[in-house]
Every structure is written in structure tokens, then in C-alpha cells.
Amino acid sequence: MRKPAGPPLSWALTDPSPAAFLLQLLRRARQKQRLAEAEPPDTARMPPSKKPCSGPPATLSPQRSIYFLSPREPPARLGPEFFNQPAVALAQAFLGQLADHTELRGRIVETEAYLGPDDEAAHSRGGRQTARNRGMFMKPGTLYVYIIYGMYFCMNVSSQGDGACVLLRALEPLEGLESMRQLRSSLGKGTSGRTLKDRQLCSGPSKLCQALAIDKSFDQRDLATDGAVWMEPGPPGPEPTVVAAARVGIGQAGEWTHKALRFYVQGSPFVSVVDRAAERVQP
């Protein structure tokens, strides 16, 4: 199954939320380190034999992605027309694209679609609206962040249709991996004191939120207009092969338990759950 053609996507956000406090500290430490590395040597205090040789100045390797921009200078962003598509189409469009949170960066490799009131596994089943799930009924591109087990967060993006959304399940971490490791160690239960492998950083919806410092304060943000959180076109690349499989951990939802509404990049080691049976029947 090939991913439908569509504009590439990346993610960027900055926000002084409680979960982002540690991330801010990590960023400041990294900025100080970069300044120290970029500081030119004091040649006036160096003996002649140790002065730098003449010639063109050395070029520092790039330290920041073009996506790491101040919220006051946002790059071109995806507008409401991108998010205003059915949940299944949006879930597949996210795959293979980029997600950025300041200096943390990853590629989306797994999503789940929730189709609204008729979907027995959706929080909006039966058309019920609550203070908790209000983001699902807001305009496409609205974040719906909810808490599970009283301590972990999951991040969704509303799509076309009342009560429909897409859950972001897993990322392939690309940049800021050490910061992700520290965030996961600080926010995750049972991760303190052990070094997480790259494939363990974002391989699940709650792990993804921990690694990106996403918490309830991001609930109901509008990705198309918010000054602190947005999605933007990313560099094009080959379209991934997409597997359609049953969703994970949805409990007793009747026939909806088995519907192929989870999508992931085939062959990616960063996917949370691989379904070999589903892969064998892919066209």
C-alpha cells in the first residue's frame, strides 16, 4: 500500500508549558556549549607559534535546522485546507513527514485514524462531547491532547468531520536525541537510570509526547494559526510503503477492534507494534 501523494509536512513548536521546562534547561545548556565552541580564540594572549594560520576562516558545521526558527519569524505553514480531509487520508498523509519541537526532530512513522461518532473506539463515539474531548469537535488541525493512566499524554490532530481525529503513535527520532533521552528519563516511569536506545525514544503515543515535552497545555491549539505551535512543509522524499493494520489497545469496540485504521511505515524499526499478518496481505 503506497501513501497517497500530498504535501510534505514538518512540525515545530515553542511553549513554556510545565512539561517543556526541562527541555528549556537542556536548550540553554546546548546554546551555551555552542557559544563556547563558536567563540574565536584570544590570539592576543597566545604565543606567536600558536596563533591560527592565515587563510579562509573555517566554516562551522550547521547546528540548527531551517525549521528551528523563532515563533516571531515562522516559516510557511500548512493551512486549514491541509487538515480539512478525512481522518484516514490525513493519517496516511502524516507518514514519512517531519515533526519538530524546537530542537527536537523526528519523522512520523505510525498513526491511527478515529472516524467520529460511529467509531466505537473513538472518544467521540455516539457523538458525545465533553470538556475532555472538545478538541475532536473543533475545526480540522486542532490538537486533542488527553491523559491516560492519570500521568501520560497522547496527541491527536482533528480532521474533517465532527469527532474525527488522527493519533500520532510513533516517530523516528532524527535530531535532539540526547535531549529526548533526558526528557524520557525524567518524565517516563521505569526509565530512570537506564539508557534508552534510539528506537525506544518515540515508539508509542505516550513516549512520543514525553520525548517532545507535550502535555495537556497543548490541547485545543490550532495548528493553522497558533503562534507557538504549527506544521510546515518539509523537504520532499520518496513515499514510504504503508501498512494498514488494526489499531492497538482500544479494548472492546466490537467490529471496530479489527478495522485496519492504523497506518505505519513498513520496515521502520521505530514503529511501536508490527503486524506481520497485515504486511503479508498488503497490495
Side-chain angles (χ1 to χ4, degrees), residues 1 3-11 13 77-101 106-125 132-146 148 153-172 202-209 212 214 218-224 226 229-232 234 239-240 242-250 253 256 259-265 268 270-273:
M1 180 176 182
K3 182 176 76 63
L9 162 74
S10 70
W11 170 279
L13 58 86
R77 65 195 297 163
L78 293 174
E81 66 283 350
F82 174 82
F83 303 105
N84 189 22
Q85 55 181 311
V88 170
L90 186 60
Q92 295 182 63
F94 282 158
L95 292 177
Q97 312 310 328
L98 303 180
D100 285 270
H101 179 319
R107 180 180 292 111
I108 300 171
V109 297
E110 185 180 2
T111 60
E112 287 181 350
Y114 289 85
L115 307 189
D118 292 334
D119 187 341
E120 288 297 320
H123 291 173
S124 57
R125 59 186 175 274
R132 181 199 190 205
N133 73 1
R134 185 168 179 265
M136 300 181 75
F137 292 87
M138 297 173 71
K139 61 194 248 185
T142 301
L143 285 181
Y144 168 44
V145 180
Y146 63 86
I148 60 173
F153 298 97
C154 293
M155 177 168 56
N156 304 258
V157 181
S158 66
S159 63
Q160 188 180 94
D162 281 349
C165 69
V166 174
L167 171 69
L168 302 184
R169 276 201 63 91
L171 298 178
E172 173 189 351
C202 305
S203 57
S206 295
K207 295 177 183 178
L208 182 157
C209 286
L212 295 183
I214 298 295
F218 291 99
D219 186 43
Q220 299 181 22
R221 299 289 187 95
D222 182 357
L223 293 177
D226 193 272
V229 54
W230 66 91
M231 288 188 177
E232 62 193 56
E239 294 182 356
V242 175
V243 177
R247 293 172 293 187
V248 178
I250 58 175
W256 290 89
K259 289 185 180 293
L261 294 174
R262 179 168 67 97
F263 306 97
Y264 67 84
V265 176
S268 172
F270 304 95
V271 169
S272 66
V273 179

Student check: side-chain heavy atoms of Val157 and Leu143 closer than 4.5 Å: yes
Distance col, row Asn84:CG vs Ser158:OG, nearest 0.5 angstrom, shows 9.5 Å
Please tell me if the side chains of Tyr264 and Val273 come closer than 4.5 Å, counting only heavy atoms from C-beta onward. no
Find the distance between CG (Leu171) and OG1 (Thr111) and round it off to the nearest 0.5 Å. 11.0 Å
Could you state the interatomic distance from CZ (Phe263) to CD1 (Ile108), rounded to the nearest 0.5 Å? 14.0 Å
Any donor-acceptor pair under 3.5 Å from Glu110 side chain to Ser272 backbone: yes
Is any side-chain heavy atom of Leu167 closer than 4.5 Å to one of Cys154? yes
Could you check Lys259, Arg125, Arg247 and say which one makes a side chain to side chain contact (heavy atoms under 4.5 Å, CB included) with Asp119? Arg247
Considering non-hydrogen atoms only, spot the tightest contact between Pro140 and Phe83 and give its length. CB-O, 3.4 Å
What I'd like to find out is whether the side chain of Tyr114 reaches to under 4.5 Å of the side chain of Val166, using heavy atoms alone. no
Would you say the side chain of Val271 lies within less than 4.5 Å of the side chain of Val243, judging by non-hydrogen atoms? no
Is the side chain of Arg262 donor-acceptor paired with the backbone N or O of Glu112 at a distance under 3.5 Å, no angle test? no
So Arg134 and Thr142, do their side chains get closer than 4.5 Å, heavy atoms only? no
Here the gap from Phe137 atom CZ to Ser124 atom OG, rounded to the nearest 0.5 Å, amounts to 4.5 Å
Once rounded to the nearest 0.5 Å, what's the spacing between atom CZ of Arg169 and atom OG of Ser206? 9.0 Å
Any side-chain heavy atom of Val265 within less than 4.5 Å of one from Arg107? no
Approximate separation, where rounding is to 0.5 Å, of Met155 CE and Cys165 SG: 12.0 Å
Nearest heavy-atom contact between Phe82 and Leu90 is CE2-CD1, 3.7 Å
May I ask you to test the Met136-Asn156 pair for a side-chain heavy-atom distance under 4.5 Å? no
Would you call the rings of His123 and Tyr144 parallel, tilted or perpendicular, taking 30° and 60° as the class edges? perpendicular
